[in-house]
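Worksheet: one structure, shown below.
FYI, side chains are in, hydrogens and waters are out, and symmetry mates aren't considered; it's all heavy atoms of this structure. Because the structure is predicted, anything quoted here is derived from the model rather than measured.
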Amino acid sequence: MAQTLITRMIRAARLDAALYEEVEADRRAMTQALAAVLLSGLAAGIGGLGKAGPVSLVLGTGGAISGWLVWAFLAYVIGAKLFPDSDTKTDLGEMLRTIGFASSPGVVRAAGVIPGLTDGVFVIAAVWMLAAMVVAVRQALDYRSTSRAVGVCVLGWLVQATAFLLLLRSQGIDPRSLGQLGG
C-alpha cells in the first residue's frame, strides 16, 4: 500500500531507516521524492523572504532541485562506483528517491520567515537534512556502516562545494558576496 507523501516525509524527517528502504524499492516513489524536494525548496524560499525578498522563492526551489540532482549523482558515483561495500547494489533512481526524501526536514525552513529566526532555523534544517542524507545514503548503498555513509556525504559535499566555488570564481563572483543578498 502506497503511503501518502506527508506520512513518508514525516518518517524521513524522523530518520526512519525503514522508510528509506521502502522508497529505495518503490520505483513509483520518484514523483513523491520530487515533491519532497520541491516542498523543501519552497520552504527555504519562504524562510528567506526577509533576507533576499521574492527572489528567494526562485533560488530556494531551483537550488533544491539542482542540489538534489547533484547530490544523488555524487552519492551514486562515490558510494556505488568508487567505494562500494560488498553488499552494495543500487542505481541512480534509488539514490534520487532516497535523497529526495532526505530533504524532508528542510520544510522547517519556512519558519525562517519569522524575523530573527532565519539563520538559526536554516542551520538546524541543514544539520537535520545532513543526518537524513547519511541515513538515505547508508540505506540506498546497503552499507553496514554509518561512518562509511558519512564519508560518502563528506566527500560529496567537498566535491560539490569545490565545484561551486570554482564556478563562482570563473564568473568573477566573490563567494563572500553571496552572504550580502538582499542585505
Side-chain angles (χ1 to χ4, degrees), residues 1-45 58-107 109 125-168:
M1 174 174 131
Q3 291 195 9
T4 67
L5 171 64
I6 300 303
T7 301
R8 279 183 161 174
M9 287 180 69
I10 290 168
R11 289 178 60 205
R14 289 182 178 165
L15 309 181
D16 179 355
L19 173 274
Y20 291 100
E21 286 292 332
E22 181 181 303
V23 297
E24 175 190 12
D26 183 0
R27 293 187 181 276
R28 298 168 300 163
M30 189 66 78
T31 303
Q32 286 186 340
L34 173 60
V37 170
L38 289 173
L39 288 171
S40 179
L42 186 59
V58 174
L59 292 175
T61 306
I65 292 169
S66 61
W68 172 48
L69 297 172
V70 169
W71 268 107
F73 178 75
L74 287 173
Y76 175 71
V77 170
I78 294 167
K81 300 299 178 189
L82 297 178
F83 302 108
D85 199 337
S86 60
D87 296 330
T88 299
K89 291 179 185 68
T90 194
D91 60 36
L92 189 54
E94 290 176 0
M95 293 304 299
L96 284 164
R97 291 189 299 276
T98 58
I99 290 174
F101 275 95
S103 69
S104 295
V107 298
R109 295 180 292 191
V127 171
W128 194 358
M129 290 168 64
L130 179 59
M133 168 77 91
V134 168
V135 176
V137 166
R138 184 187 67 207
Q139 300 311 117
L141 294 172
D142 304 307
Y143 283 172
R144 287 175 245 131
S145 164
T146 299
S147 60
R148 192 176 189 116
V150 168
V152 168
C153 291
V154 168
L155 187 53
W157 183 85
L158 289 171
V159 169
Q160 185 176 20
T162 301
F164 182 67
L165 289 174
L166 291 172
L167 176 67
L168 289 176

Locate the shortest heavy-atom distance separating [X] from [Y]; write the atom from each residue and the value.
X    : Y    : result
G106 : M129 : CA-SD, 3.4 Å
A102 : A132 : O-CB, 3.5 Å
V159 : L74  : CG1-CD2, 3.7 Å
A44  : G60  : CB-CA, 4.4 Å
A35  : L5   : CB-CD2, 3.6 Å
V137 : A75  : CG2-CB, 4.1 Å

Side-chain donor/acceptor of [X] to backbone N/O of [Y], under 3.5 Å:
X    : Y    : answer
R97  : V23  : yes
Y20  : A12  : yes
R109 : S40  : yes
T4   : T7   : yes
T162 : L158 : yes

Nearest 0.5 Å, what's the [atom1]-[atom2] distance between [X] and [Y]?
X   : Y    : atom1 : atom2 : result
L34 : F101 : CG    : CZ    : 10.0 Å
L15 : W128 : CG    : CH2   : 8.0 Å
Q32 : D26  : CD    : CG    : 7.5 Å
E24 : Q139 : CD    : CD    : 7.5 Å
E94 : M30  : CD    : CE    : 9.5 Å
D85 : T90  : CG    : OG1   : 12.5 Å

Got [X] and [Y] here, is their nearest side-chain heavy-atom distance under 4.5 Å?
X    : Y    : result
M95  : L141 : yes
L69  : L96  : yes
W157 : L130 : no

- Query: Could you give all pairs that pass the side chain to side chain donor-acceptor pair (under 3.5 Å) test and reach residues 62-73, with sequence neighbours left out?
  - Reply: W71-Q160

- Which pairs, with at least one residue in residues 9-19 and sequence neighbours excluded, count as a side chain to side chain donor-acceptor pair (under 3.5 Å)? Q3-R11, R11-D16, R11-E22

- So, R144 versus S86: side-chain donor-acceptor pair below 3.5 Å or not? yes

- Those residues at least two apart in sequence (or on a different chain) that pass salt bridge (Lys or Arg N to Asp or Glu O under 4.0 Å) with R27 are D91

